[in-house]
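Treat the numbers as computed from the prediction; the structure is a model and nothing was measured. Any value given below was found using the heavy atoms of this structure, including those in side chains, with hydrogens, waters and symmetry copies removed. Along the sequence shown, residues are numbered consecutively beginning with 1.
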Amino acid sequence: GAMAERTIRKNADGLRVPPNLTSYAAAVREFSWEEARRRLDGLPGGRGLNIAHEAVVRHARGPKADKTAIRFLRKDGRTEDWTYRALDRASNRFANVLRKLGVGRGDRVFTLLGRTPELFVAALGTLKNGSVLCPLFSAFGPEPLKTRLTLGEGKVLVTTEAFQARKVAPIRAELPMLREVILTGASWDGLLEAASPDFEIPPTNPEDVALLHFTSGTTGRPKGAVHVHEAVVAHHVTGLLALDFHDDDVFWCTADPGWVTGTSYGIVSPLTNGVTMVVDEGEFDAGRWYRVLEEQAVTVWYTAPTAVRMMMRGGTDLPRQRNLSRLRFIASVGEPLNPEAVLWGVAAFGLPIHDNWWQTETGGIMIANYASMDIRPGSMGRPLPGITAAVARRTADGRAEVLEEPGVQGELVLKAGWPSMFRGYLNETERFQKCFADGWYFTGDLARRDADGYYWFVGRSDDVIKSAGHLIGPFEVESALMEHPSVAEAAVIGKPDPLIGETVKAFVGLKADAGPSEGLRKDILGFARQRLGPAVAPKEIEFVTGLPKTKSGKILRRLLKARELGLPEGDLSTLEEAP
């Protein structure tokens with residue numbers, strides 16, 4: 001029907017650069033994870049597998065030693081080029097700093113940094129040392145930081161002097177396990193200069209923990225998704241197949257490394273694939289982004305729907321005024337890409353935007369639109385070679401029932417066992433086990449599959465809010481609001497927003513001695529921004545006399561959202577008598 005007419009026809013012959021995946025059917029048929037693993041070197045002498053070895057050491061000791069690994073676009077307008085060799089030596093120094101501090105295998109090192117060289121040096125040095133990297137989003141305020149550092153038992157935090165003063169100092173006393181706060185700037189330079197640029201990566205079991213990524217839950221605290229060194233096999237090969245990395249590419253991933261995309265495809269995958277990566281320290285600005293694409297001759301660009309929608313607002317004149325002839329592949333992730341946005345890419349760049357789907361838990365891209373495959377705008381594409389997906393539902397007795405019929409809506413499930421699959425939620429075994437049934441991983445996302453095997457996103461099966469590419473757990477926001485002296489209860493929903501996906505709206509019940517007023521509203525908004533940081537705090541507050549709850553006392557966010565948007569209220573059988 002209408003969908004088929006909007007199909008964007010693609011094939012391997014029509015592309016300027018021959019794609020790594022020429023025939024989808026053949027790639028799926030021939031793929032094996034064993035063969036994908038052989039594309040990597042492993043540690044010398046059969047001592048296992050380490051992400052940092054694959055990302056920098058092997059290039060620094062080979063013909064790519066003096067190739068630019070990362071070009072940093074600094075806030076002050078300077079560009080700073082780092083070769084694979086320079087990145088290797090600096091991260092060796094950081095690994096030696098950790099060793100000197102008595103930080104060892106399995107100890108957790110947190111980063112709270114912008115997109116600066118120190119972040120990459122700390123990340124790679126941590127992985128070399130066998131310690132666990134936990135990157136945090138730099139816009140977090142003190143509360144989200146305290147929660148994650150406590151759950152993750154952070155031993156070391158690397159951050160800036162400004163963040164230390166504003167965000168870490170207020171909570172420092174409540175973090176007894178945090179042994180060291182390493183500040184970038186003069187002290188960082190001193191520490192690194194005093195450390196040796198030589199470091200031998202100790203034997204690393206592929207199942208050793210490498211990364212800890214926090215993802216927002218709807219109820220309760222964030223979950224720490226645990227990833228191991230073996231994940232690099234998926235990081236590497238998905239970069240080749242889904243992002244179509246070639247040796248001479250200049251790649252720009254706009255995601256912040258505080259989120260899984262910014263680590264898997266903003267650090268690991270481009271480096272293991274030996275490409276040159278552009279890293280922009282500044283915040284989003286459409287005009288400057290087009291300039292970056294042109295001046296840096298970007299060939300492969302990985303961004304997010306929010307950014308695309310913000311660029312769409314400015315029309316197609318700006319990109320058309322630039323010489324973007326080097327750009328050959330654009331991909332997007334973070335939430336579903338609207339069909340209009342896929343087609344806008346064609347109007348603005350002469351290239352469609354390729355949507356793909358994955359999660360913090362999957363560690364890497366699982367379903368994608370490939371360079372050589374027809375695109376159906378609005379679809380997340382088809383599963384990667386090596387990945388088996390299906391639409392399923394859970395039966396009453398907890399089994400997985402796969403729904404074979406095309407077009408049927410159900411939960412998106414993946415056959416467990418790919419290398420970058422999370423190995424657990426930190427300290428929450430039961431919560432982890434609940435994600436699996438009959439060998440399938442239940443993603444919590446609702447989807448349908450069409451007759452040709454393309455997957456279409458339907459919605460989240462819970463209330464996690466997606467705002468500007470950030471996953472926000474309502475519970476965390478509600479908890480912070482309730483610390484305000486006038487707030488008795490709070491419920492938070494995502495309110496659809498054409499630009500950033502959803503904005504955070506809070507419904508607030510006040511204590512008996514507080515009356516609703518514009519002044520109080522502003523005070524609570526300011527309080528929340530202070531505690532949570534501007535990216536997570538609500539943009540809107542509505543005072544209410546009571547919140548809809550179940551008989552067991554659970555706030556029904558779904559009902560608040562339905563009322564807010566004028567949608568059918570659905571099943572109210574569990575509602576208590578109040579509002």
Quiz item: Checking ring pair (Phe, Tyr, Trp, His ring centres under 6.0 Å) for the pair Trp358/Tyr265: CA distance, chi angles, key distance, verdict?
Solution: CA-CA 12 Å; Trp358 55 293; Tyr265 299 98; 5.3 Å; yes
Looking at [X] and [Y], what are the two nearest heavy atoms and their distance?
X      : Y      : value
Asp41  : Glu54  : N-OE1, 3.0 Å
Ser138 : Leu113 : CB-O, 3.6 Å
Ser372 : Leu21  : OG-O, 2.7 Å
Ala400 : Trp440 : CB-CD1, 3.9 Å
Leu127 : Ala52  : CB-CB, 4.0 Å
Leu343 : Ile8   : CD2-CD1, 3.9 Å

Under 3.5 Å: donor-acceptor pair, side chain of [X], backbone of [Y]:
X      : Y      : value
Arg108 : Gly152 : yes
Asn96  : Asp198 : yes
Glu502 : Ile465 : no
Thr276 : Thr68  : yes
Ser332 : Asp355 : no
Thr83  : Ala86  : yes
Thr299 : Val250 : yes
His227 : Ser420 : yes
Ser264 : Gly363 : yes
His246 : Asp244 : yes

Exercise. Could you label the plane-to-plane angle of the Phe245 and Phe251 rings as parallel, tilted or perpendicular, counting under 30° as parallel and over 60° as perpendicular?
Key: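 Correct class here is perpendicular.
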Quiz item: Relative to the ring of Phe422, is the ring of Phe436 parallel (under 30°), tilted (30 to 60°) or perpendicular (over 60°)?
Solution: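 Plane angle under 30°, so parallel.
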Testing the 3.5 Å rule here: is there a donor-acceptor pair between the side chains of [X] and [Y]?
X      : Y      : value
His354 : Lys10  : yes
Asn20  : Tyr370 : no
Lys128 : Asn92  : yes
Asp374 : Thr7   : no
His53  : Arg47  : no

Exercise. Please lay out, stage by stage, how Asp445 and Thr443 fare under the test side-chain hydrogen bond (donor to acceptor under 3.5 Å, both in side chains).
Key: CA-CA 5 Å; Asp445 279 355; Thr443 65; 4.9 Å; no
About how many Å separate [atom2] of [Y] and [atom1] of [X], when rounded to the nearest 0.5 Å?
X      : Y      : atom1 : atom2 : answer
Gln409 : Arg449 : CD    : CZ    : 13.5 Å
Ile367 : Asn356 : CD1   : CG    : 10.0 Å
Phe329 : Ile353 : CZ    : CD1   : 11.0 Å
Ile70  : Met277 : CD1   : CE    : 4.0 Å
Phe120 : Thr111 : CZ    : OG1   : 10.0 Å
Asn323 : Glu294 : CG    : CD    : 5.5 Å

Take atom [atom1] in [X]; do more than 12 heavy atoms of anything else shown fall under 6.0 Å from it?
X      : atom1 : result
Arg423 : CZ    : yes
Arg288 : CZ    : yes
Glu207 : CD    : yes

Whether [Y] and [X] form a salt bridge (side-chain N of Lys/Arg under 4.0 Å from carboxylate O of Asp/Glu) is what I want to check.
X      : Y      : result
Arg382 : Asp452 : no
Asp280 : Arg115 : no
Arg37  : Glu230 : yes
Glu283 : Lys75  : no
Arg309 : Glu335 : yes
Asp88  : Arg61  : no
Glu80  : Arg74  : yes

Does some side-chain heavy atom of [Y] sit less than 4.5 Å from a side-chain heavy atom of [X]?
X      : Y      : result
Phe214 : Phe137 : no
Arg326 : Val298 : no
Leu49  : Val232 : yes
Val158 : Glu118 : no
Leu133 : Leu212 : no
Leu243 : Ile365 : yes
Leu73  : Gln296 : yes
Val233 : Leu40  : yes

Exercise. Starting from the C-alpha separation in whole Å, work towards a yes-or-no answer on side-chain hydrogen bond (donor to acceptor under 3.5 Å, both in side chains) for Thr272 and His236.
Key: CA-CA 6 Å; Thr272 65; His236 182 75; 2.9 Å; yes
Quiz item: Under the ring pair (Phe, Tyr, Trp, His ring centres under 6.0 Å) criterion, do Phe199 and Phe94 qualify, and how do the steps go?
Solution: CA-CA 10 Å; Phe199 182 88; Phe94 187 75; over 10 Å; no
Self-check item: Six-ring centre of Tyr290, Arg322 cation under 6.0 angstrom, axis tolerance 45°
Solution: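 No cation-pi geometry.
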Practice problem: Measure from NZ or CZ of Arg148 to the centre of the six-membered ring of Phe140 and say whether it is under 6.0 Å with the direction within 45° of the ring axis. | Solution: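 Arg148 over Phe140 ring: yes.
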Practice problem: Test side chain to side chain contact (heavy atoms under 4.5 Å, CB included) on Arg39 and Leu240 and set out the steps. | Solution: CA-CA 11 Å; Arg39 290 169 178 268; Leu240 275 173; 3.3 Å; yes
Quiz item: Mind checking whether Trp344 and Phe349 have ring centres under 6.0 Å apart?
Solution: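 Yes.
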Practice problem: Kindly write out the residues that satisfy side-chain contact (heavy atoms from CB on, under 4.5 Å) with Thr254, not counting sequence neighbours, or none if the list is empty. | Solution: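 Partners of Thr254 by the side-chain contact (heavy atoms from CB on, under 4.5 Å) criterion, ordered by chain and then number, come out as Trp252, Trp289, Trp301, Thr303.
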Quiz item: Which residue pairs pass the side chain to side chain donor-acceptor pair (under 3.5 Å) test when at least one of the two sits in residues 24-35, sequence neighbours left out?
Solution: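 Found none.
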